[in-house]
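Comments concern the structure below.
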Protein chains: 2
Amino acid sequence: MSQRPPLTRERIIETALHLIDGQGLGRLTMRRLGDSLEVEAMAIYHHLPHGKEQLLEQLIAYVAAHPVPPGNGAPRDRLRDWAHGYRDRLLEHVGVMPLIVTRRNPGALLATTQSLEDLLRTAGRTEAQAAVGAHTLLGYLLGTVALEARERAAETTPDDLDWEGRFRAGLDGVLTGIA
Amino acid sequence: MSQRPPLTRERIIETALHLIDGQGLGRLTMRRLGDSLEVEAMAIYHHLPHGKEQLLEQLIAYVAAHPVPPGNGAPRDRLRDWAHGYRDRLLEHVGVMPLIVTRRNPGALLATTQSLEDLLRTAGRTEAQAAVGAHTLLGYLLGTVALEARERAAETTPDDLDWEGRFRAGLDGVLTGIA
DNA sequence: ACCTGAACACCGTTCAAGT
DNA sequence: ACCTGAACACCGTTCAAGT
């Protein structure tokens, strides 16, 4: 008999993410997650006492936390690099997008937002300008990635569309407006 | 006995929307919707044969369809007016946002997207520029409204924040980038 | 401490039956 | 044509019990 690895919170999150990436958010159930972990569904509650709610919060935190890394390049270049990296990460885990965009989870996006505001302030913006800029950039990013995911899934648009080019072009417009 | 109005598709949609606005998307169930309509849940299937899936599609179509109205002002002003109107509409039915942002529903946003592209082409942009511009603007709008709804619900930020001002400021940045 | 089994209150949906 | 009642296969979760 193959010994299965011990059940840990980390393994639960990773397995859940794997399940979502493979089958979609709608098919993530406690019972199915239990099956994937080779355990009864109820065992999960021992590691996540607040059940599915807590599981989803953990998934959001895992995928959405993506602050701007430290660096000393031009602000505009740093923001552009960060944005492309974040887009890649979100597209890797498209199934979690609905949670990130709509669930209230103050913590998850807070670190990201604040790192954006810090960068903008360092670049000479006022507090208020930095707040608006961070909100604008993050809103553009989440919104366009959500649209891209939607349209890719619908497959009503030609598949050879240069999504990254479109993203970069729109991003340049946004960056011009804020940074 | 109060005669109840006949069950129609329209009345189902409106009641569902009322239920979502009041109690949230999570509490929209066929059984509860039936209760609100003073009818057994199964009666709904007679008007919406594809069940809940079809109901959600109808809700998206109802709320998300919001093309730019005809007019002959400056393109930038028309886009700004449209954006503020759309934001108001989405905030009125915040509970439907998760569906609009994440469900694949080609039709619902198509009319809106095309009206944006038309306006931008009329304003002298190339086909490609118009496509990117429409995508950027719609992405910004959906993303920031989703963020706003999230943060308002979380109530972790002070409530006197000038959300509309922030939206307008970010919008100006985006419009500068595309129009 | 960690996991299981049975049970409870919910879902969406099908299908035969009523009017 | 329009609606109901009973039933089915699923949910998330609680709780006592096992080791």
Side-chain angles (χ1 to χ4, degrees), chain A residues 1-62 95-96 98-99 102-105, chain B residues 1-62 95-96 98-99 102-105:
Chain A
M1 297 277 101
S2 68
Q3 288 290 71
R4 67 166 156 63
L7 198 55
T8 63
R9 193 191 277 221
E10 230 189 355
R11 213 161 72 78
I12 295 171
I13 309 291
E14 278 162 11
T15 307
L17 201 57
H18 190 255
L19 222 160
I20 293 176
D21 290 341
Q23 312 199 48
L25 185 57
R27 288 187 62 80
L28 173 66
T29 70
M30 298 302 270
R31 285 169 155 96
R32 245 190 294 262
L33 181 53
D35 281 350
S36 293
L37 292 160
E38 291 178 79
V39 101
E40 293 301 311
M42 298 73 200
I44 298 167
Y45 287 81
H46 202 269
H47 300 266
L48 295 170
H50 294 88
K52 195 168 187 182
E53 193 72 15
Q54 193 176 4
L55 174 63
L56 299 182
E57 295 301 311
Q58 299 282 330
L59 287 171
I60 297 174
Y62 187 94
V96 190
L99 301 177
T102 59
R103 285 239 150 193
R104 41 184 129 77
N105 181 334
Chain B
M1 295 278 98
S2 68
Q3 287 290 69
R4 67 165 157 64
L7 199 55
T8 63
R9 195 191 276 221
E10 231 190 353
R11 213 162 71 77
I12 294 172
I13 309 290
E14 279 162 11
T15 307
L17 202 57
H18 190 256
L19 222 159
I20 292 175
D21 290 341
Q23 313 199 61
L25 185 58
R27 290 188 61 80
L28 173 67
T29 70
M30 298 303 270
R31 286 170 155 96
R32 246 191 293 264
L33 181 55
D35 282 350
S36 293
L37 291 162
E38 293 178 76
V39 102
E40 294 301 312
M42 298 74 201
I44 299 168
Y45 287 82
H46 202 267
H47 300 265
L48 296 169
H50 294 88
K52 194 167 186 181
E53 192 72 16
Q54 192 176 5
L55 174 63
L56 298 182
E57 296 301 311
Q58 298 283 329
L59 287 171
I60 297 175
Y62 186 94
V96 190
L99 302 176
T102 58
R103 285 238 150 192
R104 39 183 127 77
N105 180 338

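Everything numeric in this text was worked out from a predicted model, so none of it was measured. So you know, we letter chains A, B, ... as the sequences are listed, proteins then strands, and number each from 1.
Looking at B:Arg103 and B:Glu53, their side chains come closer than 4.5 Å, going by heavy atoms from C-beta outward. In this structure, B:Val96 and B:Leu25 have side chains that are not in contact, with every pair of non-hydrogen atoms separated by 4.5 Å or more. Using a 4.5 Å cut-off on side-chain heavy atoms (C-beta onward), B:Ile44 and B:Leu55 make no contact. Residues A:Ser36 and A:His18 are not in side-chain contact: their nearest non-hydrogen atoms beyond the backbone lie 4.5 Å or more apart.
Closest approach of A:Gly95 to A:Pro98, counting heavy atoms only: O-CD, 3.3 Å.
In this structure, the CZ atom of B:Arg9 is 12 Å from the P atom of D:dC2, given to the nearest Å. As a whole-Å value, the separation of A:Ile12 CD1 from C:dC2 C1' is 12 Å. At whole-Å resolution of the value, CD in A:Glu40 and P in C:dC3 are 12 Å apart.
Contact check, B:His47 against D:dC3: a side-chain N or O comes under 4.0 Å of OP1 or OP2.
The partner of C:dT19 is D:dA1, by the rule that a Watson-Crick or G-U pair needs both atom distances under 3.5 Å. Across all strands shown, C:dA9 remains unpaired; no Watson-Crick or G-U wobble contact has both distances below 3.5 Å.
Without hydrogens or angle criteria, A:Arg27 side chain to A:Leu19 main chain gives no donor-acceptor distance under 3.5 Å.
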Mark up nucleotides 6-17 of chain D, 5' to 3', with B wherever a protein heavy atom is under 4.0 angstrom from a base atom, S wherever such an atom reaches only the sugar-phosphate, and - elsewhere.
BB---BBBB---
